[in-house]
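Structure record follows, encoded as structure tokens.
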Amino acid sequence: MHRRSQFILRRHLSHLHFHSGESASHTFPRSIPPPCSTAISFRVCDSIPPMATFGLADYDDLLRGCTRRRAIKEGRVVHAHMIKSHFVTSVRLANRLLVMYVKGGSLEDARQVLDGMSQRDVISWTAMMSGYSQHGRSFEALEQLPRMLRTGILPNEYTLATVLPSCTGHSGQDHGRQIHSLAVKSNFDSHMFVGSSLLDMYSKVGEIKDARRVFNMLPHRDVVSCTAIISGYAQSGLDEEALEVFQQLQREGMECNYVTFVSLLTAIAGLAALDFGRQVHGLVIRSELLFYVVLDNSLIDMYSKCGSLKHSRRVFDNMPERSVISWNTMLMGYGKHGLGREVVQLFKSMFREVKPNGVTFLAVLSGCSHGGLIDEGLDIFGYMVSDQRLKPEIGHYGCVVDLLGRAGRIEEALDVIKNMPYEPTSALWNSLLGACRLHAKISIGEVVARKLLDMEPDNASNYVILSNIYAASGRWQDVARVRESMKLKKLTKEPGRSSIQLDKVMHIFFSSDRSHPQRKEIFDKITEVCERIKAAGYVPDLSCVLHDVDDEQKESILLGHSEKLAIAFGLMGNACRESIRITKNLRICIDCHNFAKYVSNVYQMEISLRDSSRFHLVAGGTCSCGDYW
DNA sequence: CTAGGGTTAG
């Protein structure tokens with residue numbers, strides 16, 4: 001009897017078809033069949049013989065199938081049938097329903113099931129938390145925990161691993177620590193899943209040391225916890241540490257999967273460690289993993305951030321399948337290298353494969369701006385708004401301001417800022433300021449710089465800029481005033497840091513660094529370089545120094561900039577290099593940019609310099625950025 | 001029936 005009834009219900013369900021216009025399909029992984037259309041109502045149940053009796057096992061079986069296939073519409077039919085036949089469910093079956101709705105993506109239905117339950121167990125609560133958490137509703141996910149505790153139910157390892165990812169944002173750390181103590185009390189803190197969630201929680205709230213402590217305390221380590229600590233370091237910007245942990249774990253015979261490689265590649269991209277990146281790529285190939293779009297995307301990004309667009313493109317071209325992120329990553333790579341034509345060309349060809357999104361336009365617009373394609377960029381912005389019907393975000397307006405500013409159309413840029421539906425950010429004012437500097441718009445520049453100073457009174461570089469503007473118009477009293485107020489605030493800039501990889505070794509220099517073992521030779525080299533390029537016309541731009549010291553000291557401060565140390569180091573030795581690659585954590589200063597251009601000419605050396613905003617490919621006395629960055 | 005790590009942009 002049961003078998004038969006089950007068959008009948010199944011047969012009915014198999015008649016439900018999916019309407020091709022249904023939009024819900026994209027929220028489901030491709031391997032799972034799409035859900036039934038909303039056009040199907042519960043009337044289907046009417047055609048099930050009303051006398052058909054289903055047992056607990058039948059419903060259980062049906063619901064399990066619906067959950068696995070994420071077939072929420074079918075699940076609703078089963079649910080309605082249960083109600084119609086006044087079936088009294090057990091907690092276990094109600095949990096099945098709950099999970100079916102959670103996995104199917106309908107929190108409202110899940111909530112209703114939960115509210116209708118006369119008895120709940122730890123699984124019911126945990127399933128609900130999981131639902132909120134997967135929908136990014138962290139607050140509600142967390143809220144369930146004390147409510148559950150008040151009913152006398154204790155969390156298990158599943159519960160803790162489920163709520164921990166919801167400890168984000170401002171109070172995330174407090175909540176996370178409370179849950180940590182709860183985990184200690186209930187002896188779940190050394191559980192593998194709870195441990196890696198705790199580890200991840202600490203790294204995401206910026207407490208990487210605590211994350212490491214949790215990692216060290218784990219009785220066993222597996223791929224996930226190892227990946228979590230590597231990813232934690234990478235996301236905290238501690239790229240060297242990420243690499244170090246990977247190498248150590250590798251020696252201990254750690255198992256790797258594609259997520260491990262993705263996290264590792266993020267760190268390598270941050271360091272611009274091309275040699276190491278190639279080794280890891282080799283490792284990936286040798287490990288004969290299946291194809292993962294995410295992994296190839298990371299490889300594309302790694303190569304482009306390491307300055308090798310050729311390799312990025314090779315990975316991109318060989319992918320059997322690409323996502324919008326693959327395209328965006330490639331576009332971003334071309335953009336950061338100043339290759340505007342390639343950006344536009346690639347953008348035009350992406351439509352046959354994927355639909356562009358907001359990030360795509362960010363990449364294309366900034367690519368046009370860096371590549372000097374002003375009209376193309378403005379056209380594409382118009383296309384984005386009118387044809388693609390995408391609502392521009394503040395970043396898109398920032399790109400437009402950049403485009404107009406670069407073209408010297410400062411007033412139009414100001415109009416855009418005035419009319420956009422967002423409050424301008426400091427980044428936006430900064431880009432306008434760059435334009436004012438380039439086109440010598442002193443009076444607007446002053447207004448903008450003051451605004452910036454109001455918004456970020458603790459950012460040292462804003463004082464530098466304002467003082468430079470005053471200096472350019474000979475207003476020395478104002479210059480003195482700005483310097484005075486800066487001195488009073490005792491502001492410090494983030495130390496400049498440049499690295500250069502030579503013969504597979506990464507050399508790191510801080511500004512005015514005297515710690516390198518070859519500091520004497522480096523200093524001598526800089527002095528020599530300086531003399532030679534001065535003879536070719538180089539004049540140090542002393543306005544880049546803010547300290548109130550005499551000109552001689554200013555020049556010596558300028559010569560201590562980390563990128564100059566790295567360039568000098570790259571010119572040392574007998575090796576006949578034709579090119580060097582340098583990476584800097586901040587934006588390159590005007591004087592160092594100029595210095596690099598002279599060096600490239602006098603020493604016939606190509607310098608590829610990645611700063612915090614883009615690549616500068618300096619050769620033959622000119623730079624690919626066209627002096628706008 | 002409930003659980004952990006991941007890619008572009010800022």
Side-chain angles (χ1 to χ4, degrees), chain A residues 60 63-64 67-68 90-100 102-103 120-131 133-134 144 148 155-165 188 191-201 203-204 211 214-215 218 221-232 234-235 256-266 269 292-302 304-305 322-333 335-336 356-367 393-396 398-399 425-428 612-613:
Chain A
D60 197 77
L63 287 174
R64 197 168 52 201
T67 306
R68 190 169 41 80
S90 59
V91 173
R92 186 192 162 94
L93 197 57
N95 282 344
R96 275 264 196 238
L97 269 170
L98 189 58
V99 172
M100 186 271 295
V102 164
K103 297 236 161 124
R120 298 171 193 172
D121 63 7
V122 65
I123 296 173
S124 330
W125 286 100
T126 305
M128 201 61 223
M129 290 177 202
S130 159
S133 158
Q134 278 160 32
Q144 307 302 312
M148 182 186 86
N156 64 15
E157 64 273 37
Y158 285 77
T159 320
L160 299 178
T162 304
V163 285
L164 274 167
F188 288 129
H191 183 276
M192 188 67 84
F193 280 40
V194 177
S196 43
S197 300
L198 275 171
L199 189 172
D200 195 50
M201 179 275 293
S203 86
K204 293 224 162 84
V214 173
F215 180 72
L218 285 175
R221 294 165 176 179
D222 68 353
V223 215
V224 177
S225 51
C226 290
T227 305
I229 191 69
I230 292 170
S231 148
Q235 280 167 8
C256 280
N257 63 19
Y258 81 101
V259 185
T260 320
F261 287 124
V262 168
S263 304
L264 182 64
L265 287 166
T266 307
Y292 292 97
V293 182
V294 177
L295 178 52
D296 276 23
N297 291 348
S298 292
L299 283 166
I300 296 173
D301 191 49
M302 180 276 289
S304 93
K305 286 189 177 150
R322 283 172 284 264
S323 69
V324 68
I325 295 181
S326 325
W327 289 88
N328 291 351
T329 309
M330 198 66 234
L331 286 167
M332 217 68 224
K336 288 214 170 185
N357 61 15
V359 178
T360 311
F361 285 97
L362 230 39
V364 176
L365 293 173
S366 100
E393 286 167 30
I394 181 103
H396 297 107
C399 292
T425 57
S426 55
L428 201 144
S612 60
S613 81

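Chain identifiers are assigned alphabetically (A, B, ...) following the order of the sequence lines, protein sequences preceding nucleic acid strands; residue numbering begins at 1 within each chain. Only a predicted model underlies this, so the values are computations on that prediction, with no experimental measurement involved.
- Partners of A:Q134 according to the side-chain hydrogen bond (donor to acceptor under 3.5 Å, both in side chains) rule, which considers only residues two or more places apart in sequence or in another chain, are A:S130.
- Nucleic acid contact for A:D121: none, since no nucleic acid atom lies under 4.0 Å from a heavy atom of the residue.
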**Item:** Nucleic acid footprint by protein, nucleotides 4-10 of chain B - heavy-atom cut-off 4.0 Å, B for base, S for sugar-phosphate alone
**Value:** BBBBBB-
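- Remark: A:Y258 engages A:Y292 in a ring pair (Phe, Tyr, Trp, His ring centres under 6.0 Å) (not counting sequence neighbours).
- Whole-Å rounding puts the A:M128 CE to B:dT2 C1' distance at 13 Å.
- The ring pair (Phe, Tyr, Trp, His ring centres under 6.0 Å) search around A:W327 returns A:F316, not counting sequence neighbours.
- A heavy-atom distance below 4.5 Å is not found between the side chains of A:I123 and A:T126.
- Remark: A:R120 pairs with no residue by the side-chain hydrogen bond (donor to acceptor under 3.5 Å, both in side chains) rule, at least two apart or across chains.
- In terms of phosphate contacts, A:K103 brings no side-chain nitrogen or oxygen within less than 4.0 Å of OP1 or OP2 of B:dC1.
- A:M100 has its CE atom 12 Å from the C1' atom of B:dC1, to the nearest Å.
- Residues passing the side-chain hydrogen bond (donor to acceptor under 3.5 Å, both in side chains) test with A:S197, sequence neighbours excluded: none.
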